[in-house]
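In what follows, a structure is listed as structure tokens, so that the remarks can point back to it.
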There are 2 protein chains.
Amino acid sequence: MTKFAIVEKITINDIARLTGLSKGTVDRVLHNRGEVSKKSYEKVMSVIREKGYEPNLYASLLARTSHRTIAILLPKPLPGSYWDLAISGVEKATEDERQFGIETALFTYDEFRADSFRDVCTRVLESKPSGVVIAPMFQYETQVFVQELGARQIPYVFVDTKLDSPDGHLAFFGIPSYKSGYLCADMLLQGDKAKEVLIVRIMRDKERQSDPTVLRRAGFQDYMRENNPGCTIRSLFINPTDAEATDEALSAFFEEFPKVRHIVMFNSRIHLIVPYLERYPIPGMRIIGFDNLEANIRALKNGTVSMLIAQHPEKQVQEAIRTLSEFLVFQRKPETPDNHMHMDLLTRYNVEDY
Amino acid sequence: MTKFAIVEKITINDIARLTGLSKGTVDRVLHNRGEVSKKSYEKVMSVIREKGYEPNLYASLLARTSHRTIAILLPKPLPGSYWDLAISGVEKATEDERQFGIETALFTYDEFRADSFRDVCTRVLESKPSGVVIAPMFQYETQVFVQELGARQIPYVFVDTKLDSPDGHLAFFGIPSYKSGYLCADMLLQGDKAKEVLIVRIMRDKERQSDPTVLRRAGFQDYMRENNPGCTIRSLFINPTDAEATDEALSAFFEEFPKVRHIVMFNSRIHLIVPYLERYPIPGMRIIGFDNLEANIRALKNGTVSMLIAQHPEKQVQEAIRTLSEFLVFQRKPETPDNHMHMDLLTRYNVEDY
DNA sequence: GATATTTCCGTTACCGTGCACGGAATTTTT
DNA sequence: AAAAATTCCGTGCACGGTAACGGAAATATC
């Protein structure tokens, strides 16, 4: 039998006794709030180092009256969309961290308008949060915001997209975009070769700069160049808000290129092309998309979509909040700041038990 | 901005004030330790119901001196084996739950000897644990053990394999074996047909009854019957402790059936056939195995193995311990007792970020 | 009705930390 | 050297719950 027992911990009273000081002084040292002579400070610190003091979390939380708030900045989600999944992660994490006196405040912005993001940033700063989670869509504006956070000593964590900042983020949670495109290509071809493949893309006039789908496409193309050089990669642009036009575009495409049997989309909207394909099924078609949206999963279950690569935004956000909470409560930093999360492969046969 | 705020909670002092009793009496009611008149009991209960009292966890844990121990029964792991992964989950969970005053005690037994399991069971009972996690390999012996646990009011959770017990388990964490075999077949064929496939099996004289590989094989065979009826399923038995004999067996097999291009193993030991296949590579071979053992992952990364279906025993155990801890500390039961966990598909391109 | 039992309940001392308050010790000023 | 200003430090209560202890109230015994 192996026992993983609990080691006896030292208390601030013990430290007070050992140093001949009072617990008030020990407390001042522990929290760096001054009013302590150098001599006393050193005495306390040496005992702490020697005995390895760890504060009692319960006593600390019990005694502390104030709650701390973590602000979360996400693109405003449409129902059932990618960011809607992230929100469910916020809710879950809020429950989990409540026990540590952590509250959350969700701020959403228009992911295609930089001014909307700027607005939200100032509102976040006004709310004086203890920590911030950011899904950054605008490089420059985020840089400015993050600099301000650094100046105010407010820790922040990135999700979805990383942004190297001078002051340094506490952590990042996302998936490696380039590699996900590479993986996508591998899963699409399954070791075979293809003559033609189709990438369905969404057109929009966008102010937004950091777009993971660009990197995914690059990874996809590199895989093709290396493993299937004879393949023609075709692109088709659709309008996400006009289902009829989408159907027509697809119809026209397949009239022109009837031999295409492989389709991918690098954003989370594979479900947009599903209605057409269900109405006019093409045997032997292999379709891969991204992310575990409800609509995507339905298409996966009924066989229209072959596979989904899920990055699980809900988990990313949850981890981000957990990390921030741990830092605020235990002042513990994550071992590795940059955490590339697992890309989960979903098929109709393993999606149910998720 | 959406706020997920913290609701104000009522304390036992509030209850004492509202009922005109003392907090000692309130405490007696809350813990059902008698010495309270019916009249007072009702007064307290009605206030609790009305105001929705929830105890303050920190205060409770701070005041409580005693620690509780969770016993964990697993097959004795060989280094780098399936059960070794589970152990890492035990270690992780122990860290996580330590903060709640939970200790763990690991008991291992010989998974092929029922008497070894019986021995361990009695030792577990002697240790008087507050809760038990069991990976059951022996149907009857487990039934007996579990009955005894029920009689002593000790909650227990199954991992890996479920066993319907009369008294009822608190929870179960595992993957659906039959479905994993079905999924495996789908991933092996990738929509194509095959003339022949090979199942490599391990022979052993076993006392053990509940073997998930049997169910996996059934799922695999059913998939084949439904989607690829013309396929011949061949079996090859190897000796896990004799690498040379394994190589010879494989060599003989491929001499007799040189056209086979699909191999699966339903246990976690796909790595056993890797050395042979690396020495005598066969182009176009597709190989699928189970579980994220170090050796398997190496073979996945260098391309010998095409895919692994991972059930992540470390997560199963971790969840099991967490559930038990939550029950002991918060007296909260899981929403659903039976939790089929996600079957994770690993390829060389998504295994790194795990 | 006095005494012995039993039932019931209030008091109190913790658990370990946070933090405000007031005062002692030390340094600066005059 | 005395007074004023700082610096430094100890005391004590609060946080919410646990549980032992002893005594008051209610009931039983003779």
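Just so you know, these numbers use all the heavy atoms, side chains as well, and skip hydrogens, waters and symmetry mates.
With rounding to whole Å, B/Arg17 atom CZ is found 15 Å from C/dG10 atom P. Spacing between atom CG of A/Asn13 and atom C1' of C/dA13 amounts to 14 Å, rounded to whole angstrom units. Rounded to whole angstrom, the span from the CZ atom of B/Arg28 across to the P atom of C/dT7 amounts to 14 Å.
Not a single donor-acceptor pair under 3.5 Å links the side chain of A/Thr25 to the backbone N or O of A/Leu21.
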What protein N or O atoms touch nucleotides 25-27 of chain C N or O atoms at under 3.5 angstrom, if any, and at what distances?
none

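For the helix from C/dG1-D/dC30 to C/dT30-D/dA1, the rotation axes defined at the first and last 5 base pairs enclose an angle of 50°, given to the nearest 10°.
Applying the ring-ring contact (aromatic ring centres under 6.0 Å, His included) test to B/Tyr109 and every residue at least two apart in sequence or in another chain returns B/Phe117. For A/Gln316, there are no side-chain hydrogen bond (donor to acceptor under 3.5 Å, both in side chains) partners at least two apart in sequence or on another chain. Applying the side-chain hydrogen bond (donor to acceptor under 3.5 Å, both in side chains) test to A/Ser116 and every residue at least two apart in sequence or in another chain returns nothing.
Summarising the geometry, atom CD1 belonging to B/Ile154 is positioned 10.5 Å from atom CG belonging to B/Leu328; distances are rounded to the nearest 0.5 Å.
Put simply, B/Ser40 has a side-chain N or O that comes within less than 4.0 Å of OP1 or OP2 on C/dC9.
Take the nearest nucleotide of DNA chain C for A/Glu35 and for A/Arg64: the residue whose nucleotide is more 5' is A/Arg64.
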Salt bridge (charged side-chain N to carboxylate O under 4.0 Å, His left out) between B/Lys23 and B/Asp27, worked out
CA-CA 6 Å; B/Lys23 59 181 198 160; B/Asp27 187 61; over 6 Å; no
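First and last contacting nucleotides of DNA chain D toward chain B (any atom under 4.0 angstrom from a heavy atom, 5' to 3' order): D/dG16 to D/dA19.
Not less than 6.0 angstrom separates the ring centroid of B/His340 from the ring centroid of B/Phe173.
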